[in-house]
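Fair warning: this is a prediction, and the values are worked out from it, not measured in the lab. Each ligand, and each atom within it, is numbered from 1 in the order the structure gives.
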Amino acid sequence: MLEKVALVTGAARGIGLATTRLFIEQGWRVAMVDRDGEALVEAADGLNQASPFLYDISIPEQVDEMVSSIVSAFGRIDAVVNNAGVADFGPIETTDFARWKEVMATNLDGTFLVSQACLSALKETRGALVNIASISGLRASTLRVAYGTSKAAVIHLTKQQAAELGEYGIRANCVCPGPVRTKLAMAVHSPEIIASYHDAIPLNRYGSEREIAEVITFLCSDRASYVTGQIIASDGGFESTGVGLPALRT
Ligand SMILES: NC(=O)c1ccc[n+]([C@@H]2O[C@H](COP(=O)([O-])OP(=O)(O)OC[C@H]3O[C@@H](n4cnc5c(N)ncnc54)[C@H](O)[C@@H]3O)[C@@H](O)[C@H]2O)c1
């Protein structure tokens, strides 16, 4: 059987790179997409089953060219992981329109554009879409007016995709990670935020990139062949709990 091919955006580091490595361990080939050329080349170095594709998914003209070159290089696409994302935390009053649009352009527009551009390839393989949202898309909190709203929209976009694309055998699911110590998170998580997350998470710790990648690759695999339209938090229990956890710990 031909090896399956995954397109992973934001693959140069963090959750995207961990997902790339896990796909390779599971016998897949990977098209690694990122707009950070230096980090991408370094990440792809030595990964024989993967190739780097330097593109910015927030630019529509680049997305079509990107998908064409991936299909030319690999001949097929079996799974698309819309993982590239940016975080910008700030109060509503000072989140100006440029900051708002910057977050939406990658997190929401990019996810829509990449999924759409991959449709004809996914129809051929009856493939899978996995969109990466966040616990910030499931629950509101301060400072996440743009980020949280973009991720809530990704959650609904996933349901739209599942509703419409099931007819072609294409599955669409969404993973909502809890906090993971990546460059993205560490740029916006102050020591106070880190302590608060520990307090609010039943497992009382951050997750690892690998723990998120396990859920992503499962949803892309045939083991999840009857799973579509689902929003799955990989968050140490954050979303399932209410207030008062620290006081209730024994
Ligand atoms: N780390 C966390 O705590 C956390 C929590 C919830 C959700 N997430 C989500 O997980 C995903 C991955 O995050 P991460 O923590 O690994 O981040 P990261 O910053 O370590 O990696 C993100 C990668 O995406 C790339 N990227 C960003 N915008 C791009 C664009 N327009 N085009 C192409 N590449 C682009 C970056 O260059 C970077 O390599 C994001 O969607 C993020 O919102 C992360």
Handout entry: Test log, rule side-chain hydrogen bond (donor to acceptor under 3.5 Å, both in side chains), inputs Ser234 and Glu211
Key = CA-CA 8 Å; Ser234 180; Glu211 287 175 307; over 6 Å; no
Practice task
Could you pull out all residues at least two apart from His156 that satisfy ring pair (Phe, Tyr, Trp, His ring centres under 6.0 Å)?
Solution key: none
Problem - ligand 1: protein residues within heavy-atom distance under 4.0 Å - result: Gly10, Ala12, Arg13, Gly14, Ile15, Asp34, Arg35, Asp36, Tyr55, Asp56, Ile57, Ser58, Asn83, Ala84, Gly85, Val86, Thr106, Ile132, Ala133, Ser134, Tyr147, Lys151, Pro177, Gly178, Pro179, Val180, Thr182, Lys183, Leu184, Ala185
Problem - Glu25 with Arg210: basic N within carboxylate O range, under 4.0 Å - result: yes
Handout entry: Glu164 with Lys159: basic N within carboxylate O range, under 4.0 Å
Key = no
Problem - Geometric cation-pi criterion, Arg139 with Phe238: 6.0 Å, 45° - result: yes
Exercise for the section: Please work out whether the ring planes of His189 and Phe89 are parallel, tilted or perpendicular, with thresholds of 30° and 60°. Expected result: tilted
